[in-house]
Amino acid sequence: MENSTSINIKAASEGNIIDGKRIAQEIKDELKEQTAKLKEQGMKGCLAVIQVGADPASSVYVRNKKRACAYIGIESRAYELEEATTQEQLLELIGQLNNDPQVTGILVQLPVPKHIDEQQIIQAISPAKDVDGFHPQNVGALVSGLPGFVSCTPAGVIQLLKRSGIAIEGKNCVVIGRSNIVGKPMAVLMLRENATVTVAHSKTEHLEEICRRADILIVAVGKPKMINASYIKEGAVVIDVGIHRDAENKLCGDVDYDSVVSHVKAITPVPGGVGPMTIAMLMNNCVEALMR
Ligand code: GUN
């Protein structure tokens, strides 16, 4: 009797965890099928990944991106440039790749070293090959509701919500964070899905109170375990975009998972939530790029 009760409770508590790893795999499998069909029609893609310097976290991301390309069946080329690479050298390489018909997608892993002007680099990439969706032309297209590449992490959050059967339309959504890569495009995408959107940030007053109004709380604040139960409305959906290492060197997010999990309708874990979706959506953009 005791046993069956504990099994039921476990099942219920696992029911509210959004499995980003599984959903990302599902998307990559769909893309793999699509690239195989495109190959039969003579269309194949190649992603050029540029890394400047040897930041260990960036090296892990770059390796995972190359692996995902191999999995879904598109070629990848890695350009591992030394830390001392100049702005001019990097611009020269981007120019060559823009003009190379074999190359269908280009990304420069961020952050770049301090002596490099990140915005100028982003703007040098041809918008038609900008699979990160960072070029102002793609950002403008998103805001205007026109076709273009959408930043991968916020696009991944939308897929997580939709594929988990979570309704967005008409809901109060609070996004914490206003970065170009996550917060701003996230807010625009939620608006496009007809949510009522509030963007909060480090200067926001009464943050807890604002967050407690959210049906869907998307956290990209960049502070380990900052969001505890006092920020959460009972039954809210919580999406945690953060990734950090805690005092015990374990991966954790911006949300204090253990403190909030019993209050939420659904939550993304770290790791295994938003992270895998970023790469799945990058692959989605790579397939879109090769079809253009
Ligand atoms: N650094 C952190 N996230 C990203 C991303 O999505 N794309 C690139 N190019 N660099 C990043």
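If you're wondering where the values come from, they're calculated on a predicted model, not measured in any experiment. Both ligands and their constituent atoms are indexed starting at 1 by order of listing.
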| task | Consider ligand 1: state whether an atom of it lies below 4.0 angstrom from any non-hydrogen atom of Phe134. | result | yes
At under 4.0 Å between heavy atoms, what of Thr153 touches ligand 1? The answer is neither
Nearest heavy-atom approach of Cys286 to Ile74 is CB-CD1, 3.4 Å
**Message:** Val108 versus ligand 1: do any nitrogen or oxygen atoms come within less than 3.5 Å of each other?
**Reply:** yes
Under a 3.5 Å distance rule, please check whether Asn284 uses its side chain to pair with a backbone N or O of Ala280 as donor and acceptor. no
among protein heavy atoms, the one nearest atom 11 (C) of ligand 1 is Gln109 NE2, 3.5 Å
Under the 3.5 angstrom rule, does the side chain of Asn64 hit a backbone N or O of Ile279 as a donor-acceptor pair?
no
message = Does Tyr61 have more than 12 heavy atoms from other residues, nucleotides or ligands lying within 6.0 Å of its OH?
response = no
Spell out, yes or no, whether Ile243 and Met281 are grouped together once hydrophobic residues are joined by side-chain heavy atoms under 4.5 Å, including indirect joins.
-> no
The answer for which part of Asp132 has a heavy atom under 4.0 Å from ligand 1 is side chain
Notebook entry, point to check: Do you see a protein non-hydrogen atom under 4.0 Å from atom 3 (N) of ligand 1?
Noted result: no
Quiz: residues 118-128 side-chain donor-acceptor pairs under 3.5 angstrom, not counting sequence neighbours:
| from | atom 1 | to | atom 2 | distance (Å) |
| --- | --- | --- | --- | --- |
| Gln119 | OE1 | Gln123 | NE2 | 3.0 |
| Gln120 | OE1 | Gln87 | NE2 | 2.4 |
| Ser126 | OG | Ala128 | N | 3.3 |

Residue, atom and distance of the protein heavy atom nearest atom 10 (N) of ligand 1 read Leu110 N, 3.0 Å
